[in-house]
Number of protein chains: 2
Amino acid sequence: MANQNAKIMETKTYNCPVEATIEVIGGKWKPLILWWLNQKTYRFADLRRQIPGISEKMLIQHLRELEADGIVDRKVYSTVPPKVEYSLTDHGKSLKQALHSLCDWGKAHMDRIGAEYKET
Amino acid sequence: MANQNAKIMETKTYNCPVEATIEVIGGKWKPLILWWLNQKTYRFADLRRQIPGISEKMLIQHLRELEADGIVDRKVYSTVPPKVEYSLTDHGKSLKQALHSLCDWGKAHMDRIGAEYKET
DNA sequence: TTTAATACTAACTAAACAGTAAGCCATGGC
DNA sequence: GCCATGGCTTACTGTTTAGTTAGTATTAAA
């Protein structure tokens with residue numbers, strides 16, 4: 001019973017730090033979520049509208065993971081109807097530069113392969 | 001028959017360039033492969049030895065994908081036994097900076113969560 | 001009274017990804 | 001003849017990730 005509470009802090013191991021980063025920002029929707037939260041604080045439903053195609057399940061799942069990783073902050077207002085605001089933590093904001101490099105390379109790669117932006 | 005040869009060049013679309021990058025370098029083993037190829041040219045079996053835990057199937061699959069994305073170059077020597085060398089293309093080398101940012105953030109994140117490097 | 005909005009949760013299915021094990025081809029050494 | 005090496009390929013299995021649908025609580029507006 002005691003060790004049900006004791007949240008086991010298993011030490012993760014990586015071969016290279018890039019893996020650790022990919023684990024946090026990789027995935028189908030996470031870059032986009034980070035992208036928008038980097039602009040401003042969003043409420044759940046507004047973020048959902050901002051990212052067409054994502055299901056509520058995926059959005060909440062990714063938000064929870066990002067929260068667990070200390071990247072996003074979740075602020076709940078106990079009102080009716082409920083209101084929940086998501087924003088980047090300081091640790092989340094520190095991703096800015098990395099996201100920027102990824103974005104730059106992504107643009108170059110998109111040019112190269114003739115990819116386009118999704119019109120929504 | 002004619003359009004069996006005509007490799008369909010479907011235009012990819014992304015919501016944000018970061019997605020394009022993640023698609024190329026994301027995945028369980030790709031950062032590591034890139035990491036090593038960034039140091040020097042490797043033969044298949046040497047690369048496999050460098051990355052303990054990866055199966056031949058996964059290694060070849062990822063190498064082929066990276067090759068298709070124009071990131072790695074595959075040079076075959078028709079000798080017996082066969083010899084195949086993998087290296088980064090110029091486009092692959094242009095990832096260097098992005099990988100570096102990811103690596104830096106990854107290190108900071110690893111410190112934060114108390115993760116470690118895998119001893120092999 | 002029915003509907004709509006908010007922020008979810010749960011159950012189930014489908015698709016993508018990863019791992020295991022075996023086999024192939026050529027040749028040189030034992 | 002048989003095994004080893006190098007660089008794979010194929011078939012099968014298992015795990016992880018993603019998507020779909022339905023449902024919950026509360027209140028106010030139509």
Side-chain angles (χ1 to χ4, degrees), chain A residues 10 12-16 19-20 22-34 36-37 41-69 72-87 118 120, chain B residues 10 12-16 19-20 22-34 36-37 41-69 72-87 118 120:
Chain A
E10 41 184 323
K12 287 221 172 190
T13 54
Y14 301 98
N15 289 288
C16 126
E19 286 182 345
I22 294 278
E23 202 172 272
V24 172
I25 67 167
K28 191 166 178 189
W29 303 103
K30 279 181 186 171
L32 252 191
I33 295 172
L34 259 9
W36 289 111
L37 289 183
T41 292
Y42 273 95
R43 293 182 63 184
F44 182 81
D46 293 332
L47 196 50
R48 178 158 159 52
R49 271 176 225 117
Q50 213 48 264
I51 306 174
I54 198 172
S55 67
E56 295 191 332
K57 179 193 152 195
M58 279 298 106
L59 181 53
I60 196 74
Q61 195 178 99
H62 288 321
L63 283 171
R64 288 282 153 92
E65 285 168 11
L66 291 168
E67 194 193 352
D69 287 330
V72 319
D73 185 51
R74 184 169 173 268
K75 204 183 221 163
V76 184
Y77 297 84
S78 304
T79 55
V80 171
K83 178 176 169 179
V84 181
E85 282 183 351
Y86 292 94
S87 57
K118 209 166 269 172
T120 42
Chain B
E10 41 184 322
K12 287 224 175 190
T13 54
Y14 300 99
N15 288 288
C16 128
E19 286 183 345
I22 294 279
E23 202 172 271
V24 172
I25 66 166
K28 191 166 176 187
W29 304 104
K30 279 181 187 171
L32 252 191
I33 295 173
L34 259 10
W36 289 110
L37 289 182
T41 293
Y42 273 96
R43 292 183 64 183
F44 182 81
D46 292 333
L47 196 49
R48 177 157 159 52
R49 268 175 229 118
Q50 213 47 266
I51 307 175
I54 197 171
S55 66
E56 295 190 331
K57 179 193 152 195
M58 280 297 106
L59 181 54
I60 196 73
Q61 194 178 99
H62 288 321
L63 283 171
R64 288 282 152 91
E65 285 168 12
L66 291 168
E67 194 192 352
D69 287 329
V72 319
D73 186 51
R74 182 168 174 269
K75 204 181 218 165
V76 184
Y77 297 83
S78 305
T79 55
V80 171
K83 176 176 170 180
V84 181
E85 282 183 351
Y86 292 93
S87 58
K118 210 166 266 171
T120 43

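Per chain, numbering begins at 1; letters A, B, ... match sequence-line order.
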Enquirer: NA contact type, B:Y77, heavy-atom cut-off 4.0 Å: base, sugar-phosphate, or nothing?
Expert: nothing

Enquirer: In degrees, rounded to 10°, what is the bend between the two ends of the helix from C:dT1-D:dA30 to C:dC30-D:dG1, using five pairs at each?
Expert: 30°

Enquirer: Can you list, pair by pair, the side-chain donor-acceptor contacts under 3.5 Å of residues 22-29 of chain A, counting residues two or more places apart and other chains?
Expert:
residue, atom, partner, partner atom, Å
A:E23, OE2, A:K12, NZ, 2.8
A:E23, OE2, A:Y14, OH, 2.9

Enquirer: For the residue pair A:T41 and A:D73, establish whether any side-chain heavy-atom pair is separated by less than 4.5 Å.
Expert: no

Enquirer: What distance separates B:Q50 CD from B:L37 CG, expressed to the nearest 0.5 Å?
Expert: 10.0 Å

Enquirer: Report the residues that fulfil salt bridge (charged side-chain N to carboxylate O under 4.0 Å, His left out) with B:R49, sequence neighbours left out, ordered by chain and then residue number.
Expert: B:D46

Enquirer: What donor-acceptor contacts under 3.5 angstrom involve side-chain atoms of residues 52-64 of chain B, with partners at least two apart or in another chain?
Expert:
residue, atom, partner, partner atom, Å
B:S55, OG, B:M58, N, 3.2
B:E56, OE2, B:R48, NE, 3.4

Enquirer: Using heavy atoms to find the nearest nucleotide of DNA chain D for A:S55 and B:A45 separately, return the residue whose nucleotide is more 5′.
Expert: B:A45

Enquirer: Quick one: side chain to side chain contact (heavy atoms under 4.5 Å, CB included) partners of A:T79, sequence neighbours excluded?
Expert: A:Y77, A:K83

Enquirer: How many whole angstroms separate atom CZ of B:R64 from atom C1' of D:dC8?
Expert: 7 Å

Enquirer: Is the phosphate of D:dG6, meaning OP1 or OP2, less than 4.0 Å from a side-chain N or O of B:R43?
Expert: no

Enquirer: Taking the basic N atoms (NZ, or NE/NH1/NH2) and the acidic carboxylate oxygens, is any pair closer than 4.0 Å for B:K30 and B:E65?
Expert: yes

Enquirer: Take the angle between the ring planes of A:Y42 and A:W36 and call it parallel below 30°, perpendicular above 60°, tilted in between.
Expert: perpendicular

Enquirer: Indicate for each nucleotide in nucleotides 22-30 of chain D, in 5' to 3' sequence, whether protein heavy atoms under 4.0 Å reach the base (B), only the sugar-phosphate (S), or nothing (-).
Expert: ----SS---

Enquirer: Between B:D46 and A:W29, just flag the one whose closest nucleotide in DNA chain D comes earlier from the 5' side.
Expert: B:D46

Enquirer: Give me the distances for all protein-to-nucleotides 12-17 of chain D N/O pairs that come in under 3.5 Å?
Expert:
none

Enquirer: Can you tell if the side chain of B:K75 reaches within under 4.5 Å of the side chain of B:V84, non-hydrogen atoms only?
Expert: no

Enquirer: Provide the start and end nucleotides, 5' to 3', of the part of DNA chain C that has atoms under 4.0 Å from heavy atoms of chain B.
Expert: C:dA18 to C:dT27

Enquirer: With the side chain counted from C-beta on, respond yes when A:N15 and B:I51 share a heavy-atom pair under 4.5 Å apart, and no when they do not.
Expert: no

Enquirer: Could you state the CZ-P distance from B:R48 to D:dT9, rounded to the nearest angstrom?
Expert: 14 Å

Enquirer: Out of curiosity, A:L47 CG to A:L32 CG, how far, rounded to the nearest 0.5 Å?
Expert: 9.5 Å

Enquirer: Taking only N and O in the side chain of B:R74, is any of them less than 4.0 Å away from OP1 or OP2 of D:dC8?
Expert: yes

